[in-house]
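Down below is the structure, laid out as structure tokens.
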Amino acid sequence: MAINVLIVDDSGVMRSMILKSMRLSGLQLGDVHQAANGKEGLDALNEHWIDLVVADINMPVMNGEEMIDEMLQNPALKDIPVVVVSTEGSKTRVVRLQDKGAKFIHKPFTPEAIRDTVKEMLGEEVCDDVAN
Amino acid sequence: MSQIDSIVASTAVETMEKLAFLFSFPDEERKEAFPGPAIAGKVGFNGLFSGSLALRMTSSVLPELAVNMLGLDDEEETNQELHLDAFKEMLNVICGNLLPALAGEEAEFSIDAPEVITADDSDDVIEFQKAASIVRLMLEDGHCDLIFFMDGKTPEDILASAPEQIAAP
């Protein structure tokens with residue numbers, strides 16, 4: 001089952017790393033959209049069907065936590081799974097994000113960490129059998 | 001090497017290795033900034049305390065940094081924009097891992113967008129004399145200096161008040 005993904009990070013290199021890691025890990029990807037901040041991320045969510053959001057926290061214009069808060073206020077977006085990929089080291093903030101329904105992966109990350117987290121959220125069918 | 005220097009060094013060494021397969025070790029014999037050409041960047045932060053982390057690195061390492069971070073094949077070309085983006089992201093990740101290592105995992109920080117100070121040499125854009133910590137690293141094909149600044153507080157204030165410093169990654 002291919003999933004449409006939105007990757008939100010102000011670093012183009014990091015967005016590429018996340019995408020490559022997702023492909024390497026065997027996740028079946030459909031349409032992939034990218035955004036450089038939370039505001040752009042919300043615009044993409046309003047324009048495209050997205051099954052999964054992968055987002056950083058520290059971004060200009062609108063940070064990742066603000067974007068998640070906006071998603072939770074929108075009935076059309078509130079149930080979209082969110083994985084936060086961040087250097088965030090504050091346990092307080094990580095727990096707060098998790099209480100909002102997000103999963104958390106710490107940078108630097110491995111492809112396996114992304115795969116296992118996405119499988120946990122969306123189920124085994126999002127992965128290629130070969131990669132499993 | 002002071003405790004804060006040790007934390008900065010171990011965080012940077014491990015982050016560069018995990019993020020970009022750049023292997024480094026403290027160059028304790030070198031007491032001065034390495035000769036250029038070098039790229040220098042800075043990222044600010046605020047929270048429990050405010051300050052910034054600067055990173056100065058041999059310019060010729062940039063292509064390898066970008067290729068490794070992106071997992072590119074040797075024959076794939078990169079460009080200056082990718083090099084600078086990779087450098088800034090590495091600085092961002094080092095800073096993000098350093099702050100909880102210094103202040104404990106309960107402290108919250110907001111990290112600014114990293115910026116390049118200079119991409120073409122000059123070791124006088126960084127005010128080394130105001131630094132709380134200076135760590136000099138040797139890379140396989142160059143050098144890397146990390147310069148940590150804190151506003152107001154001293155390193156001893158931070159390390160003494162941190163309830164539980166997490167191990168550097």
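A, B, ... follow the sequence lines: proteins, then strands. Residue 1 opens every chain. We use all heavy atoms of the structure for the numbers below, so side chains are in, but hydrogens, waters and symmetry mates are not.
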Heavy-atom distance under 4.5 Å to chain A: side chain of L70(B), backbone, both or neither? both

Cut-off 4.5 Å, heavy atoms of chain A, and the answer for A107(B) is backbone

Only pairs under 3.5 Å count here: list side-chain donor-acceptor contacts from residues 42-53 of chain B, not counting sequence neighbours, and write none if there are none.
unit_1 : atom_1 : unit_2  : atom_2 : d
S50(B) : OG     : D151(B) : OD2    : 2.9

Contact winner vs chain A - D85(B), L82(B), N92(B), heavy-atom pairs under 4.5 Å: D85(B)

Taking every heavy-atom pair that is under 4.5 Å apart, which of A66(B), A86(B), A20(B) has the most such pairs with chain A? A86(B)

Examine R136(B) relative to F34(B) and say whether NZ or CZ is less than 6.0 Å from the centre of the six-membered ring and inside a 45° cone about the ring axis. no

Just checking [X]: does its [atom1] atom have more than 12 heavy atoms from other residues, nucleotides or ligands closer to it than 6.0 angstrom?
X	atom1	result
K20(A)	NZ	yes
R96(A)	CZ	yes
F23(B)	CZ	yes

Before giving the answer on side-chain hydrogen bond (donor to acceptor under 3.5 Å, both in side chains), spell out for E108(B) and T92(A) the whole-Å C-alpha distance, their side-chain angles and the decisive distance to 0.1 Å. CA-CA 7 Å; E108(B) 286 196 49; T92(A) 305; 4.7 Å; no

Does this structure show an ion pair linking D9(A) with K107(A), if we count only N-O contacts that are shorter than 4.0 Å? yes

salt_bridge(D10(A), R15(A)) N-O dist < 4.0 Å: no

Anything in residues 80-88 of chain A with a heavy-atom distance to chain B below 4.5 Å? Please list those residues in order. T87(A), E88(A)

